[in-house]
Protein chains: 2
Amino acid sequence: MPKKRVLPYILLGLINNQTKMSGYQISQEFNHEIGEFWHASHSQIYPELQRMISDGWIEPDDAVKDSKSIFYLITPNGKNVLKEWLSEPLSEKDDLFSLKLYFIKDQDSPLLKNLVQQQLQINSEHYLHLLSRKKLVFSDESKVRDNYGHSLILNRAIEREHNHINWLKNTLDDLK
Amino acid sequence: MPKKRVLPYILLGLINNQTKMSGYQISQEFNHEIGEFWHASHSQIYPELQRMISDGWIEPDDAVKDSKSIFYLITPNGKNVLKEWLSEPLSEKDDLFSLKLYFIKDQDSPLLKNLVQQQLQINSEHYLHLLSRKKLVFSDESKVRDNYGHSLILNRAIEREHNHINWLKNTLDDLK
DNA sequence: ACCCACATGTAAGACGTTACATGATTCC
DNA sequence: GGAATCATGTAACGTCTTACATGTGGGT
């Protein structure tokens with residue numbers, strides 16, 4: 001199976017969030033908030049927008065007659081595509097958790113709880129995996145001495161997972 | 001300036017860590033510890049090893065006459081290249097901190113303290129940046145309600161930076 | 001008139017993935 | 001002898017980056 005593309009869904013999500021966006025505005029977005037989680041250059045964005053038009057996900061807004069910018073609107077079909085993407089199960093590999101959360105505006109959306117629960121599951125398994133690797137690879141102090149940098153980042157990774165799991169649990173409680 | 005490649009330095013670091021490795025062994029490594037931070041498929045690794053030979057970074061170990069595997073050793077030149085890469089200033093963009101730590105075996109290496117200090121600087125700046133974005137974008141509660149998912153991950157990102165900074169500070173103290 | 005920010009687009013090349021291909025060894 | 005694993009390599013393709021290219025509009 002070919003690897004699932006992410007960029008078109010991000011563009012869809014951005015247009016959906018703001019109701020109406022130009023290619024230039026989208027490319028600027030990656031310098032701000034969404035830039036924490038993803039990046040795309042304008043040379044990627046413009047052709048992608050054309051593809052999305054031909055797929056019927058978005059359409060140019062003919063109401064605005066600006067000599068410079070072209071604004072795009074999401075179509076009903078596009079709204080469905082976005083919702084389906086947001087509903088797809090998270091994978092441990094590509095880590096789309098934060099990105100997808102960014103596109104959920106409503107506190108009461110069932111997608112929200114769903115995403116947090118899935119991520120909690122993924123992180124819990126990963127946490128246990130890291131603990132077992134630590135036990136295996138750093139079974140005694142001499143191994144730590146001989147691979148000190150490695151032992152540092154493994155401990156850091158374990159702590160990070162621990163923190164993330166706690167945050168996810170707290171967030172889940174707040175959502176209930 | 002062309003974007004700096006990472007893969008060859010990882011291969012160099014792996015070979016250096018283990019003294020001697022075959023392409024197959026390297027590809028297996030990405031299924032284990034180093035896989036937390038990077039991945040490469042065998043179809044990338046084999047040609048890369050050839051390039052590294054022609055650059056004089058590594059050399060095949062002729063002492064081992066295995067009908068299957070080809071083992072590679074790091075050259076003195078390769079050792080220098082690796083050390084220089086580890087000494088290059090960290091950038092906020094590509095986040096090579098964990099990866100580079102992985103290749104530092106000695107607790108007393110000056111590179112260790114150097115890396116932690118650099119990363120501390122980067123994370124501290126990023127932390128302040130996130131706080132200012134939060135103040136700007138979520139200036140009142142209605143903005144939070146209207147972009148709930150976004151506010152969640154922004155708060156999560158702030159907490160994560162905070163945790164990471166604390167860990168870096170503690171680690172730095174331990175190193176002194 | 002000139003410069004700069006805005007705005008959109010195309011082309012070439014680097015990098016990485018999946019798929020294709022081949023051969024040796026080990027285990028049953 | 002057949003299957004699975006070990007081991008190396010090439011080919012085709014998709015994605016993303018950098019560079020090239022063009023035009024508009026506002027400020028001085």
Side-chain angles (χ1 to χ4, degrees), chain A residues 1-12 14-15 18 20-32 34-35 37-55 58-62 64-72 85 91 93-96 99, chain B residues 1-12 14-15 18 20-32 34-35 37-55 58-62 64-72 85 91 93-96 99:
Chain A
M1 54 201 155
K3 207 169 181 178
K4 185 92 179 177
R5 299 203 64 204
V6 178
L7 182 61
Y9 301 100
I10 297 176
L11 302 193
L12 210 49
L14 287 171
I15 293 169
Q18 310 273 330
K20 176 166 77 174
M21 288 194 94
S22 70
Y24 187 78
Q25 283 179 322
I26 290 170
S27 76
Q28 295 304 99
E29 283 289 303
F30 288 104
N31 298 330
H32 304 127
I34 189 102
F37 313 108
W38 203 268
H39 184 260
S41 52
H42 78 272
S43 61
Q44 254 189 298
I45 293 166
Y46 292 118
E48 193 62 53
L49 288 169
Q50 298 309 313
R51 242 169 283 155
M52 290 164 72
I53 291 174
S54 62
D55 288 347
I58 57 172
E59 55 187 9
D61 183 4
D62 294 325
V64 184
K65 275 298 165 214
D66 190 314
S67 63
K68 291 169 83 178
S69 299
I70 305 165
F71 288 89
Y72 299 96
W85 180 69
S91 142
K93 307 205 69 173
D94 41 21
D95 192 25
L96 299 176
L99 200 54
Chain B
M1 53 197 155
K3 207 170 181 177
K4 185 93 179 174
R5 298 205 64 203
V6 177
L7 182 61
Y9 301 100
I10 296 175
L11 302 193
L12 209 49
L14 288 170
I15 293 170
Q18 309 275 327
K20 175 166 76 173
M21 288 193 94
S22 70
Y24 186 79
Q25 284 178 322
I26 290 171
S27 76
Q28 294 306 99
E29 283 289 303
F30 289 104
N31 300 330
H32 304 127
I34 189 98
F37 313 108
W38 203 267
H39 184 261
S41 52
H42 78 271
S43 61
Q44 255 190 297
I45 293 165
Y46 291 117
E48 193 63 53
L49 288 169
Q50 297 311 312
R51 242 169 285 155
M52 291 164 73
I53 291 174
S54 63
D55 289 347
I58 57 172
E59 56 188 7
D61 182 4
D62 295 324
V64 184
K65 275 297 164 214
D66 189 315
S67 62
K68 291 169 81 179
S69 299
I70 306 164
F71 289 89
Y72 300 96
W85 179 69
S91 140
K93 306 207 70 172
D94 42 20
D95 192 25
L96 298 176
L99 200 55

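Every chain is numbered from 1 and lettered A, B, ... according to where its sequence line falls, protein lines coming before strand lines.
Spacing between atom CD1 of Ile26(B) and atom P of dC6(D) amounts to 16 Å, rounded to whole angstrom units. Distance Gln44(B) CD to dT10(D) C1': 14 Å, rounded to the nearest Å. Rounded to whole angstrom, the span from the CD1 atom of Ile53(B) across to the P atom of dT8(D) amounts to 11 Å. At whole-Å resolution of the value, CZ in Arg51(B) and P in dT10(D) are 11 Å apart. Put simply, CG on Asn31(B) is 14 Å from P on dT5(D), counting in whole angstrom units. Distance Glu48(B) CD to dT8(D) P: 16 Å, rounded to the nearest Å. Rounded to an integer number of Å, the gap from OH of Tyr46(A) to P of dG23(D) is 16 Å. Leu49(B) has its CG atom 9 Å from the P atom of dT8(D), to the nearest Å.
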Start with the C-alpha distance between Gln18(A) and Gln25(A), add both sets of side-chain angles, then the distance that settles side chain to side chain contact (heavy atoms under 4.5 Å, CB included), and finish with yes or no.
CA-CA 10 Å; Gln18(A) 310 273 330; Gln25(A) 283 179 322; over 6 Å; no

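The side chain of Ser43(A) contributes no N or O atom lying less than 4.0 Å from OP1 or OP2 of dT17(D). Checking the phosphate oxygens (OP1, OP2) of dG14(D), no side-chain nitrogen or oxygen of Arg5(A) falls inside 4.0 Å. Of the side-chain N and O atoms in Ser41(A), none sit less than 4.0 angstrom from OP1 or OP2 of dC16(D).
Taking 4.5 Å as the limit, every side-chain heavy atom of Asp94(B) sits out of range of all side-chain heavy atoms of Val6(B). Using a 4.5 Å cut-off on side-chain heavy atoms (C-beta onward), Ile15(B) and Ile26(B) make contact. Tyr24(A) places none of its side-chain heavy atoms less than 4.5 Å from the side chain of Ile45(A).
The 5' end of DNA chain D is approached more closely, in terms of each residue's nearest nucleotide, by Leu7(A) than by the other of Lys68(A) and Leu7(A). Between Phe71(A) and His42(B), the one whose closest nucleotide on DNA chain C sits nearer the 5' end is Phe71(A).
To the nearest 0.5 Å, the span separating CD1 on Ile58(B) from CD on Glu48(B) amounts to 9.0 Å. The distance from atom CG of Leu14(A) to atom CD of Gln28(A), rounded to the nearest 0.5 Å, is 12.5 Å.
On the nucleic acid side, DNA chain C has its first and last nucleotide under 4.0 Å of a heavy atom of chain A at dC6(C) to dA19(C), going 5' to 3'.
Test Ile53(A), Leu12(A), Asp61(A) against Tyr72(A) for side chain to side chain contact (heavy atoms under 4.5 Å, CB included) and you get one pass: Ile53(A).
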